[in-house]
Amino acid sequence: MDLTHGFGARSGIGPVTGLESLNFSDEFRQLVTTTPPENSGGSFTALLEMPVTQAMELLHFTDSSSSQTNITKLAGDISPHPFGTLTFPSNSLLLDRAARFSVIATEQNGYISGETPSSSANLDRVKAEPAETDSVSENQNSKQNQNKRKEREKKAKSSMKKTKSSVEEDKLPYVHVRARRGQATDNHSLAERARREKINARMKLLQELVPGCDKIQGTALVLDEIINHVQSLQRQVEMLSMRLAAVNPRIDFNLDTILASENGSLMDGSFNGESYHQLQQWPFDGYHQPEWGREEDQHQADFPMGSTTLQPNQVKVEL
Amino acid sequence: MASSDKTINTDVPEKDVFAIHFLQSLSNLTTQNPFNSPDTTNYRARKIKKAAYVSMAKAAGGSSRLWSRALLGRAAKENNKIVRFARRKRKVTWKISSKRRSDQRAPEATDRLRNLVPGGGTMETSKLMEETAHYIKCLSMQVKVMQCLVDGLSPK
C-alpha cells in the first residue's frame, strides 16, 4: 500500500502526497512498519506513525486531558486546514522532534511554537506550525472557549445574572438562569424558561412524594397520579372520620383539655421549646394503646376503667 | 421530617403535633354537643371531618401556608366567625392574566389540582405545586393519626 496516499487520505493534506524527496518514503515505511500501529494516543510509536502535525495535536490533547474521542474528531477537523509546504524530516530528526514534543507535552500549549528546533529544514515547519497550533489549540480548547463564549453571550445579551448551578429561586430577589447555547435570550423567553424550570423542579418534588410516580414518563400522567393521590387521601380522611363517629360515643376526651390548660394555647404548629419538649417526652408513639378515661379530678392518679385509660402516671409526671 | 429540597421548604411537624390538635378539636366537639341529643352518625361524621381539617390546618402552621389559611378561613366563614390573617404581599399572578384570555379551556390537570387543594384558585402554578406537596404531607400525617386513634379505640 502506498503510505503517502494513506497519509493523504487521513489528513487530507495536499503536500503529503507531493512528497518531493521520495527517498524519505522508504525510511518512513520502515519506520511505520516496524512499529505496530497502536491507537492509544499517548504512545510514542503511535505518534511516529502519524504525520507530525497530528502528533502534536495529540500531545496537546493528552496535555489538556480531553477524552479520546476528541482526537478522532479533531483529526477530522484538521483536514480542512491547508498547510504550506511540508517536508518530512529524516529519521533522526523525526525522533528528535517526537522526543522533544513528548517532553513539551507536559508544558502548556502555547509554548510549543517557541520551542521547536530551528534547524534549516524545520524552518518552514516552524512557520506552519505556529499557525497550525493556534488553530489547533483553538480547536482543542474549543470546549473551554465554548464555555467562555457562552458566558460572554449571556452577559452581552441578557441583563440577568447567571450562576453555574442550576436555577435557584425563592430566596433571591431575582432569578438566576443559565441560558443554553442556541436558545432565545430575550427577556420574555428567559422569564418563561425560568418559570418552566421552577415548575419542573416542583414537579420532581411532588413525584418523589407520591408513591409510584417516578416510573411514569410525562408530566400530564404524573399530575393525574398526584391528583388521584390527593383525592384518595381526602377520601381516607372521610372514611376514618365516619369510623370515629361510629365508635363508642361515650368516650371522653378530657385528657387533652388538661394538656391545653397546662401548655397554654396551641394555636400554631410552632411550639416554644419547653412545651414541645414535654410533648416529645410523652410516649404517644403509634398510639398502640391510647386509652381515654373519664376523670373526676385532674390530679387523680387512677382512673375508673370506663372504656380505656391513658397511661396516667406518665402523663401526670410530665404535667 | 427533613425537607427534601434546599430552596423549597416542605417541612411538616411531627405526628404529635397533629395528634394534639386533633384531640383538642375532638374534645371541643364533645363538650359542645353533649351526647344526650340523638346525633346521627352522619352528622357526627361530618363534624369530625371538619374538625379534622381544621386541626390539620392548625397543626401545619396556621397562617404560614396558603392552603391552611384558606381552610381556616372557610371554616370560620361557616361558623359565621370572621377571621382575618395578616395579608401577605402578593405579586401579580400570571394566572389571573391567563384566565382572562382563555376561559374555555378543558379542565386541565392543574385546574383540577386547584379545585382539590384549598385556596388553590388564585395561586401561581409553581406555588400551587409547593402547596400541594405540603398539603399531601399533612394529609398523610392526619390520616396516620386518625388511623391510630380508630385502631386504639375500636373494640378489641
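Below, each value reflects all heavy atoms present in this structure, side chains not excepted, and no hydrogens, waters or symmetry copies. Letters A, B, ... are given to chains in the order of the sequence lines, protein chains preceding strands, and every chain is numbered from 1. Please read all numbers here as calculations on a predicted model, not as lab measurements.
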Checklist line | Closest non-hydrogen atom pair between A:Val237 and B:Ala52, with its separation | finding: CG1-CB, 4.4 Å
Next item on the list: Write down the atom of B:Ile48, the atom of A:Ser241, and the distance for their closest heavy-atom approach.
Entry: CG2-CB, 3.7 Å
Atom pair [atom1] ([X]) and [atom2] ([Y]), whose distance is rounded to the nearest 0.5 Å:
X: B:Arg46; Y: A:Met242; atom1: CZ; atom2: CE; result: 11.0 Å
X: A:Gln236; Y: B:Lys144; atom1: CD; atom2: NZ; result: 11.5 Å
X: A:Gln234; Y: B:Tyr53; atom1: CD; atom2: OH; result: 4.0 Å
X: B:Met141; Y: A:Leu233; atom1: CE; atom2: CG; result: 12.5 Å
X: A:Gln207; Y: B:Met129; atom1: CD; atom2: CE; result: 10.0 Å
X: B:Cys148; Y: A:Leu240; atom1: SG; atom2: CG; result: 10.0 Å

Note to self: Out of B:Val117, B:Leu116, B:Leu128, return the one with the most heavy atom pairs under 4.5 angstrom to chain A.
What the structure shows: B:Leu116
Next item on the list: Counting only heavy atoms closer than 4.5 Å, note whether A:Met203 contacts chain B via side chain, backbone, both or neither.
Entry: both
Next item on the list: List in chain and number order the residues that pass side chain to side chain contact (heavy atoms under 4.5 Å, CB included) with B:Ser126, two or more places apart in sequence or in another chain; answer none if no residue qualifies.
Entry: A:Lys198, A:Ile199, A:Arg202, B:Glu124
Check: If contact means a heavy atom pair closer than 4.5 Å, which residues of residues 222-231 of chain A contact chain B?
Finding: A:Leu223, A:Asp224, A:Ile226, A:Ile227, A:His229, A:Val230, A:Gln231
With a 4.5 Å cut-off on side-chain heavy atoms, are [Y] and [X] touching?
X: A:Arg243; Y: B:Gln147; answer: yes
X: A:Arg195; Y: B:Thr125; answer: yes
X: B:Ile136; Y: A:Leu206; answer: yes

